[in-house]
Amino acid sequence: MKKLPLHEQIAFCDRMYKLLKEGYAVGTAWHLIEATCRPKWRGVYEEGRLQLEKGVSLHEVTEFHLQLHPTITLSLYVAEQSGQLAKGFYEAARLLQRSREDSTQFKKVLQYPLVLTMMTVFVLSVVKETFLPRILQLYDQFQEEKTFFMSLLIAFEKTPLASVVIGVASMLVVLLFFVGKWMAHHPYRTRQLLVQFPWLQQFFRHQHAFTVSLWLGSLMRSGCSLQEAIASLLKTPTCLPPWFTVLLQEMETELQKGHSFSSLTVSHPLFPRDFSLALAYGEQRGHIAEVFLLVSTESFQQMTEWVRHGIRMLQPIVLVGFAIIVVGLYIVILFPMLQMTNFSS
């Protein structure tokens with residue numbers, strides 16, 4: 001069975017939200033989407049509808065049968081517990097759309113430098129094979145003593161450029177593979193390390209606060225206690241982010257010892273400093289669910305602003321750094337030519 005691409009999953013969640021908001025039942029809304037979707041995706045929606053008719057829960061259909069994004073599964077699981085399915089589809093569409101936009105912007109930032117890198121490697125290869133040998137030959141006729149730039153040119157001429165490029169690329173691939181493998185096996189430790197970097201600290205701390213606040217707040221708004229909300233989330237470990245599962249288990253253990261939730265976050269490295277203050281206020285007033293949802297909204301705005309600011313800063317930094325490298329290479333090549341011009345005059 002085909003798997004829905006991300007943009008189709010976002011459109012599906014958005015259409016389900018609008019239909020449920022208009023008062024349609026889940027089965028009716030699903031059938032309408034199936035009847036109006038593109039023909040190549042009709043079989044996927046039909047499979048989901050048949051599973052719903054057999055009595056399979058909505059989040060299980062999206063997770064095991066349609067294999068949709070984990071964010072959709074988690075949103076629908078929480079929505080089923082709280083009785084707000086329309087809200088669950090809305091949250092899933094909003095989160096996935098934001099993630100897709102950030103990913104697209106980041107790819108655009110890196111696209112131009114990558115093209116320049118490939119063009120520069122091609123130009124250097126041509127210079128090395130055709131132009132550089134003639135420069136070295138002429139230089140030997142004008143000056144016996146080798147200068148610093150000439151030494152660099154000789155070293156560059158003797159270096160196999162293709163082997164260097166392939167070697168560096170291979171080392172990066174191997175490094176990324178092992179780093180990714182380690183991060184996958186140690187998700188909680190990875191998060192603890194990421195918040196130690198000053199530039200990444202703000203984003204990840206707000207992301208942790210957003211994740212915890214959104215799902216716990218949504219469940220508690222339906223009337224369950226904090227402990228019940230955590231226990232409910234831990235029943236679906238397959239769709240939870242691995243670090244989130246470990247964090248919930250840690251907090252569940254501490255809550256059973258009699259600690260308040262706000263006291264657990266006072267000095268916790270994964271959360272921003274003002275997170276515990278907001279939770280303490282909610283606990284004192286008896287409105288912890290409302291505070292959770294308020295914090296989730298604020299943290300989401302902070303994450304969005306951080307990403308936009310980071311992208312605006314990253315592009316000029318990458319281009320300036322790349323320009324420095326390119327200009328340095330051209331100087332190394334052109335300076336000996338200027339020296340030869342002075343000798344000939």
Side-chain angles (χ1 to χ4, degrees), residues 1-104 210-211 213-224 229 232-233 235-236 238-241 244 289-290 292-294 296-297 299-301 303-304:
M1 185 180 64
K2 296 181 179 179
K3 185 177 180 180
L4 296 178
L6 185 59
H7 67 86
E8 181 66 24
Q9 296 183 38
I10 295 173
F12 163 70
C13 291
D14 184 61
R15 283 178 285 179
M16 284 293 292
Y17 162 67
K18 292 177 180 177
L19 289 171
L20 293 179
K21 192 176 180 181
E22 291 295 325
Y24 288 90
V26 174
T28 305
W30 195 294
H31 185 73
L32 287 174
I33 293 176
E34 177 188 342
T36 56
C37 71
R38 298 176 63 181
K40 67 177 181 178
W41 305 127
R42 194 156 294 159
V44 178
Y45 288 115
E46 181 182 7
E47 173 65 19
R49 177 175 56 81
L50 293 176
Q51 294 299 325
L52 287 175
E53 291 175 353
K54 292 179 181 179
V56 181
S57 63
L58 192 57
H59 78 274
E60 290 178 333
V61 171
T62 60
E63 181 179 8
F64 300 111
H65 299 281
L66 303 188
Q67 298 180 356
L68 301 187
H69 196 280
T71 298
I72 298 177
T73 301
L74 182 56
S75 298
L76 296 182
Y77 173 76
V78 173
E80 287 174 332
Q81 303 300 312
S82 60
Q84 298 180 337
L85 286 179
K87 182 68 173 177
F89 280 109
Y90 169 78
E91 290 292 349
R94 179 175 71 112
L95 295 177
L96 290 180
Q97 182 62 30
R98 180 72 263 170
S99 176
R100 186 186 178 202
E101 291 175 357
D102 293 342
S103 177
T104 301
F210 165 75
T211 304
S213 300
L214 176 64
W215 305 125
L216 291 182
S218 299
L219 286 171
M220 293 181 67
R221 187 170 54 183
S222 64
C224 64
S232 181
L233 286 175
K235 291 178 181 179
T236 59
T238 55
C239 63
L240 289 179
F244 190 28
E290 290 77 6
F292 268 132
L293 295 176
L294 181 63
S296 71
T297 302
S299 296
F300 187 78
Q301 293 175 351
M303 290 164 53
T304 302

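These figures come from a predicted structure and were not determined experimentally. The first residue of the sequence shown is numbered 1, and numbering continues consecutively from there. The analysis underlying the following values was restricted to heavy atoms, covering all of them including side chains, and did not include hydrogens, waters or symmetry mates.
Note that SG of Cys37 and CG of Leu32 are 11.5 Å apart. Values are rounded to the nearest 0.5 Å. To the nearest 0.5 Å, atom CG of residue Leu96 and atom OG of residue Ser99 are 7.0 Å apart. One distance of note links CG of Leu76 with CG of Leu58; it measures 4.5 Å at 0.5 Å rounding. Ile72 CD1 to Gln9 CD: the interatomic distance, rounded to the nearest 0.5 Å, is 4.5 Å. Between Gln67 atom CD and Leu4 atom CG the span is 10.5 Å, to the nearest 0.5 Å. Here the OG1 atom belonging to Thr36 is positioned 8.0 Å from the CZ atom belonging to Arg42, to the nearest 0.5 angstrom.
The aromatic rings of Tyr77 and His59 sit perpendicular to each other, their planes meeting at more than 60°, with 30° as the lower class boundary. The aromatic rings of Trp30 and Tyr45 stand perpendicular to each other, their planes meeting at an angle above 60°, with 30° marking the opposite boundary.
By the 4.5 Å heavy-atom criterion applied to side chains, Arg15 and Lys18 are not counted as neighbours. Contact of the Ile33 side chain with the Leu19 side chain is registered, since non-hydrogen atoms from C-beta on lie closer than 4.5 Å. At a threshold of 4.5 Å between non-hydrogen side-chain atoms, the residues Arg221 and Lys87 count as touching. Between Met303 and Arg98, the closest side-chain pair of non-hydrogen atoms is not below 4.5 Å. Residues Gln51 and Phe64 have side chains not in contact (no heavy-atom distance under 4.5 Å, counting atoms from C-beta outward). Within the 4.5 Å cutoff, side-chain heavy atoms of Leu74 are placed close to those of Leu233. Contact annotation: the side chain of Ser75 approaches that of Trp215 to within less than 4.5 Å [non-hydrogen atoms, C-beta and beyond].
Closest of all the heavy-atom pairs between Leu219 and Cys224 is O-SG, 3.0 Å. Closest of all the heavy-atom pairs between Ala86 and Tyr17 is O-CD1, 3.1 Å. The two residues Glu34 and Glu46 have their closest heavy-atom pair at OE2-CB, 3.5 Å. The heavy-atom pair separating Glu47 from His65 by the smallest distance is OE2-ND1, 4.2 Å. The minimum heavy-atom distance linking Val61 with Leu52 is given by the pair CG2-CD2, 3.9 Å. Between Ser213 and Phe292 the shortest heavy-atom distance is CB-O, 3.0 Å.
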- Task: Show your reasoning for whether side-chain contact (heavy atoms from CB on, under 4.5 Å) applies to Leu95 and Phe210.
- Result: CA-CA 11 Å; Leu95 295 177; Phe210 165 75; 3.2 Å; yes
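Environment of CZ in Phe300: crowded, with over 12 heavy atoms of neighbouring residues, nucleotides or ligands closer than 6.0 Å.
With hydrogens and angles disregarded, no donor-acceptor distance shorter than 3.5 Å links the side chain of Gln81 to the backbone of Ser232.
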